[in-house]
A.B. asks: 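One structure, as structure tokens, below. Some questions next.
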Amino acid sequence: MSNRIPEDHQAKTAKASRKAKLTAHRGLATWGEKLVPLGEFRRAVDGAGRRLSDAQRDAAIERFTAPVGDGVPVEGPYRRVAVCGGVYANAYALEALLDDARRRGAEAIYCLGDLGGFGPQPERVWPLLVNGGVRTIQGNYEASLASGRDDCNCGYADPRDNHYAAISYRYTAQHSSPAFKAWMGELPERRRIRVGERELLLVHGSPRRINEFLFASTSPVDFLELLVAQNRCHGILCTHTGLHWHRRLPSGADVINAGVIGRPANDGRTAVWYAMLGCGTDGTLEVEHVPLSYDHQALARDMRREGLPEPFVETVLTGWWTTCLEILPARERAAGRF
Amino acid sequence: MAVSKTLHQAARDGGAAAGESARDVPKVELRALDTLWFQVAGTVCNLACSHCFISCSPTNRTHEHMRLADVLPYLEEARRLGVKEYYFTGGEPFLNPDMEAILEATLKQGPATVLTNGLLLDDGRCSRLAALAAGSDYSLDLRVSLDGYDAATNDPIRGEGTFERILQGIENLAAAGLNPVVTVTEVHAGNATAEGRRRFLDLLRAHGVAQPRLKMLPLFQLGAEAERSGAYESWQQLRRGDAPPEGWDHLQCTTCRMVTDQGVWVCPILVNEPGGKMGQRLADSLGDFPLDHPACWTCHVYGVSCKT
């Protein structure tokens with residue numbers, strides 16, 4: 001005779017237990033791992049936490065959102081400035097940018113960091129930046145390389161994205177000299193510039209964190225207004241996401257993600273993007289996102305010669321991102337092919 | 001915030017952490033209010049999953065639904081605080097008759113994510129959600145929970161027949177042009193491994209999701225899960241010396257708060273702990289919080305963030 005419990009008995013027991021679960025909470029509340037009478041939980045909740053007056057609440061919010069000074073000197077004033085985001089070791093695009101920006105009358109060129117990663121032979125961009133007079137700030141790549149961190153600090157959780165990010169970071173770390181890394185470590189984390197009447201704050205990720213992503217579809221107007229007010233400026237320029245956008249806020253301030261010149265903007269075009277700023281009428285800021293063509297075939301050849309992952313090369317040749325997809329919000333992800 | 005004894009002690013009648021003084025407990029500051037959660041469906045759910053850390057069920061009224069009128073004042077306060085993103089959970093949010101109106105109001109001021117069990121995502125709902133997404137400047141994400149890549153592994157956790165119904169919901173979302181994030185807990189040891197992830201990704205592709213996205217979450221030994229696999233043990237507590245050199249920035253409570261029908265809580269995990277409540281309005285909740293619950297240990301050790 002078998003000791004096995006008949007299947008129908010097991011099924012009945014499971015069904016009864018499920019039914020019990022569905023009705024277990026009548027009149028009861030879950031407090032941690034226990035069930036307690038609902039009234040007991042509600043009474044405990046009523047007495048918990050703070051209850052400020054309206055005036056105290058206003059004061060609390062004001063304190064919490066108060067501006068913080070950074071003492072960063074203001075450069076300029078300029079009439080016309082070019083600003084680029086991540087170079088990603090794309091020396092071909094950087095050369096094209098220097099030509100294009102000068103041709104368009106830029107008085108100064110700024111770079112928002114992430115000089116390496118993704119592309120080949122990262123050190124090639126160093127003399128171009130220095131000789132081209134490009135005023136550069138630190139990206140998370142520079143901060144990580146200069147401090148000897150073992151990853152790029154982008155915070156990927158997806159194993160595939162992590163795999164490619166690790167290859168990219170290791171390659172860049174191995175192909176950057178100690179002198180180049182030391183120079184990266186000396187770059188400022190932020191700059192301020194004046195374009196016409198407008199004082200603009202230049203950062204890599206956001207004014208708060210070098211690796212914060214500011215995407216168009218996840219950066220609400222009120223959030224951006226607060227960043228601008230807390231940093232006492234008329235506008236913010238950032239990069240880090242790889243995608244360019246511009247929003248003029250109700251206050252008149254501008255938030256501009258300059259995009260990157262290291263790889264295409266996940267739009268099916270091989271061009272990369274930078275931002276051109278000028279003085280508009282009535283003292284406003286003029287913002288133009290400029291598409292930049294460069295010798296992407298040469299870049300792809302160099303990447304293959306260096307043994308960089310084929311999905312990176314595919315992005316250069318097609319304009320569609322194949323990696324770092326995890327960071328994209330729903331809307332930006334839907335706009336791409338992968 | 002003055003704490004005379006740990007949150008968990010209060011619920012355990014002076015149990016596990018007895019003898020430890022409140023000053024051994026590390027505190028975290030709210031750096032910025034980036035993520036605002038709403039327990040919009042309370043603890044009311046059309047399922048009673050065996051790993052639910054707040055034991056949601058059709059009869060669990062620990063927290064009730066929030067109506068649109070309950071949510072609006074918090075949205076207004078959130079604008080002043082520069083909130084960056086909004087999350088809605090329960091219970092099952094789509095049991096709440098105001099859910100779509102709440103989403104419409106939210107998407108006017110920021111990106112929104114709804115955590116759903118996927119059972120109420122019929123074609124009509126999905127097209128309405130797609131229309132809401134298309135009409136906003138901001139992203140709308142649907143996070144659908146699934147705990148196994150087949151019925152044999154999912155259904156014992158989430159309920160009989162749910163595997164098929166969840167996948168139907170996911171298909172409906174995909175057909176409407178919405179790409180869900182599928183949330184998988186580590187309820188089965190293999191779920192979060194490379195092979196487990198691959199199986200989930202393959203499953204989603206086979207069901208019409210062209211760009212599958214996954215979010216893995218560990219379990220909290222609270223509520224139904226405590227009953228299923230055991231409650232926290234006394235050593236699972238954070239102490240001051242546990243603070244990493246770079247601080248507590250990896251904890252979501254440094255940048256989030258949770259609103260329920262009964263006020264503002266420190267985070268989504270502690271809503272069934274009265275000691276996790278910080279006040280009635282967001283302005284009441286901008287102070288420090290003591291990391292004195294065993295669930296805080298889980299967040300720290302596993303690097304958990306409930307947000308996507």
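In what follows, every heavy atom counts, from backbone to side chain, and hydrogens, waters and symmetry copies are set aside. So you know, we letter chains A, B, ... as the sequences are listed, proteins then strands, and number each from 1.
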A.B. asks: When rounded to the nearest 0.5 angstrom, what distance separates CG in A:L38 from CZ in B:R61?
C.D. replies: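 A:L38 atom CG to B:R61 atom CZ measures 10.0 Å (nearest 0.5 Å).
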A.B. asks: Is it the case that more than 12 heavy atoms not belonging to A:E189 sit under 6.0 Å from its CD atom?
C.D. replies: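 Incorrect, the count does not exceed 12.
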A.B. asks: Let me know if B:D249 has heavy atoms under 4.5 Å from chain A in its side chain, its backbone, both or neither.
C.D. replies: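 It is neither, since no heavy atom gets under 4.5 Å.
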A.B. asks: Determine whether more than 12 heavy atoms belonging to other residues, nucleotides or ligands lie under 6.0 Å from atom CZ of A:R51.
C.D. replies: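 No, CZ of A:R51 has 12 or fewer neighbouring heavy atoms, counting only those of other groups under 6.0 Å.
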A.B. asks: Given heavy-atom pairs under 4.5 angstrom as the criterion, report whether the side chain, backbone, both or neither of B:L47 touches chain A.
C.D. replies: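 Only the backbone of B:L47 comes within 4.5 Å of chain A.
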A.B. asks: Among residues 57-64 of chain A, which residues come closer than 4.5 Å to chain B, judged by heavy atom distances?
C.D. replies: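 Within residues 57-64 of chain A, near chain B: A:R57, A:D58, A:A60, A:I61, A:F64.
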A.B. asks: Check whether A:A216 gets within reach of chain B through its side chain, its backbone, both or neither, counting any heavy atom under 4.5 Å.
C.D. replies: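 Just the backbone, heavy atoms under 4.5 Å.
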A.B. asks: Is there a side-chain contact between B:K84 and A:L214 (heavy atoms, below 4.5 Å)?
C.D. replies: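 SC-SC contact between B:K84 and A:L214 confirmed.
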A.B. asks: Tell me, side chain or backbone of B:I54 under 4.5 Å from chain A's heavy atoms, or both, or neither?
C.D. replies: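 Contact with chain A: backbone only.
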A.B. asks: Quick check for you: to the nearest 0.5 Å, what is the distance between B:Q280 atom CD and A:R50 atom CZ?
C.D. replies: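 Interatomic distance, B:Q280 CD to A:R50 CZ, rounded to 0.5 Å: 12.5 Å.
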A.B. asks: Could you tell me which portion of A:R209 (side chain, backbone, both or neither) has an atom closer than 4.5 angstrom to a non-hydrogen atom of chain B?
C.D. replies: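 When you check distances to chain B, only side chain atoms of A:R209 fall under 4.5 Å.
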A.B. asks: Give the minimum heavy-atom separation between A:T218 and B:S139, together with the two atoms involved.
C.D. replies: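 The pair with the smallest heavy-atom distance is CG2-CB, 4.4 Å.
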A.B. asks: Non-hydrogen atoms of chain A under 4.5 Å away: do they reach the side chain of B:S50, the backbone, both or neither?
C.D. replies: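 Contact with chain A involves both backbone and side-chain atoms of B:S50.
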A.B. asks: Are A:L52 and B:D284 side-chain neighbours, meaning at least one heavy-atom pair lies under 4.5 Å?
C.D. replies: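 Answer yes - side chains close enough.
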A.B. asks: Taking B:G223, B:C45, B:P180 one by one, which has the highest count of heavy-atom pairs under 4.5 Å against chain A?
C.D. replies: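 Highest number of heavy-atom pairs under 4.5 Å: B:G223.
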A.B. asks: Can you tell me if CD on B:E227 sees more than 12 non-hydrogen neighbours from other groups inside 6.0 Å?
C.D. replies: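 Result for CD/B:E227: open.
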A.B. asks: Could you tell me which of B:A194, B:A295, B:G279 has the largest number of non-hydrogen atom pairs under 4.5 Å with chain A?
C.D. replies: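 Winner by heavy-atom pair count: B:G279.
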A.B. asks: Tell me, out of B:A226, B:A210, B:S136, who's got the most heavy-atom pairs with chain A below 4.5 Å.
C.D. replies: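 Of B:A226, B:A210, B:S136, B:S136 has the most heavy-atom pairs under 4.5 Å with chain A.
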A.B. asks: Could you list the residues that satisfy ring pair (Phe, Tyr, Trp, His ring centres under 6.0 Å) with A:H289, not counting sequence neighbours?
C.D. replies: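 Testing A:H289 for ring pair (Phe, Tyr, Trp, His ring centres under 6.0 Å), a comparison that skips the adjacent residues, returns A:H244.
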A.B. asks: Check B:K277 against A:V45 and note the closest heavy-atom contact, atom names and distance.
C.D. replies: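 Between these two residues, the closest heavy atoms are NZ-O, 3.1 Å.
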A.B. asks: What part of B:A32 gets within 4.5 angstrom of chain A, counting heavy atoms only: side chain, backbone, both, or neither?
C.D. replies: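 Contact with chain A: backbone and side chain both.
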A.B. asks: If every non-hydrogen atom of A:V221 is compared with every non-hydrogen atom of B:Y138, which pair is closest and at what distance?
C.D. replies: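 Taking A:V221 first and B:Y138 second, the nearest heavy atoms are N-OH, 3.0 Å.
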A.B. asks: Which atoms of A:L28 are under 4.5 Å from chain B, going by heavy atoms: the side chain, the backbone, both sets, or neither?
C.D. replies: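 For A:L28, the contact with chain B is made by the backbone alone.
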A.B. asks: Measure across A:F41 and B:T62 and return the closest heavy-atom pair with its distance rounded to 0.1 Å.
C.D. replies: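 Reported closest heavy-atom pair: CE2-CG2, 3.5 Å.
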A.B. asks: Less than 4.5 Å to any heavy atom of chain B: does that hold for the side chain of A:E40, its backbone, both, or neither?
C.D. replies: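 A:E40 has no heavy atom closer than 4.5 Å to chain B.
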A.B. asks: Using a heavy-atom distance cut-off of less than 4.5 Å, which residues of residues 326-338 of chain A contact chain B?
C.D. replies: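 Those residues of residues 326-338 of chain A which have a heavy atom under 4.5 Å from chain B are A:L328, A:P329, A:A330, A:R331, A:E332, A:R333, A:A334, A:G336, A:R337, A:F338.
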A.B. asks: Go through the atoms of B:R80 and report whether side chain, backbone, both or neither lie under 4.5 Å from a heavy atom of chain A.
C.D. replies: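 Looking at B:R80, backbone and side chain both touch chain A.
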A.B. asks: Applying side-chain hydrogen bond (donor to acceptor under 3.5 Å, both in side chains) between A:D158 and each of B:R213, B:R197, B:K215, report the one that passes.
C.D. replies: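 With A:D158 as partner, B:R213, B:R197, B:K215 yield a single side-chain hydrogen bond (donor to acceptor under 3.5 Å, both in side chains), made by B:R197.
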A.B. asks: Give me the contact list for residues 245-254 of chain A versus chain B, heavy atoms only, anything under 4.5 Å, ordered by residue number.
C.D. replies: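 Within residues 245-254 of chain A, the residues that come under 4.5 Å of chain B (heavy atoms only) are A:R247.
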A.B. asks: A:Q230, A:R208, A:R160: which one forms the most heavy-atom pairs within less than 4.5 Å of chain B?
C.D. replies: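 Result: the option with the highest number of such pairs is A:R208.
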A.B. asks: So with a 6.0 Å cut-off around CD of A:Q56, is the heavy-atom count from everything else above 12?
C.D. replies: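 Yes, enclosed.
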A.B. asks: So, for B:N60 and A:T30, which heavy atoms are closest and what is the spacing to 0.1 Å?
C.D. replies: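 Heavy-atom minimum between the residues: ND2-OG1, 2.9 Å.
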A.B. asks: Go through the atoms of B:V271 and report whether side chain, backbone, both or neither lie under 4.5 Å from a heavy atom of chain A.
C.D. replies: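 When you check distances to chain A, only backbone atoms of B:V271 fall under 4.5 Å.
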A.B. asks: Quick one: OG on A:S217 to CG on B:L140, what's the gap to the nearest 0.5 Å?
C.D. replies: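 Spacing of OG (A:S217) from CG (B:L140) equals 10.5 Å.
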A.B. asks: If I take atom CZ from residue A:R42 and atom NE2 from residue B:H63, how far apart are they, to the nearest 0.5 angstrom?
C.D. replies: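 Interatomic distance, A:R42 CZ to B:H63 NE2, rounded to 0.5 Å: 8.0 Å.
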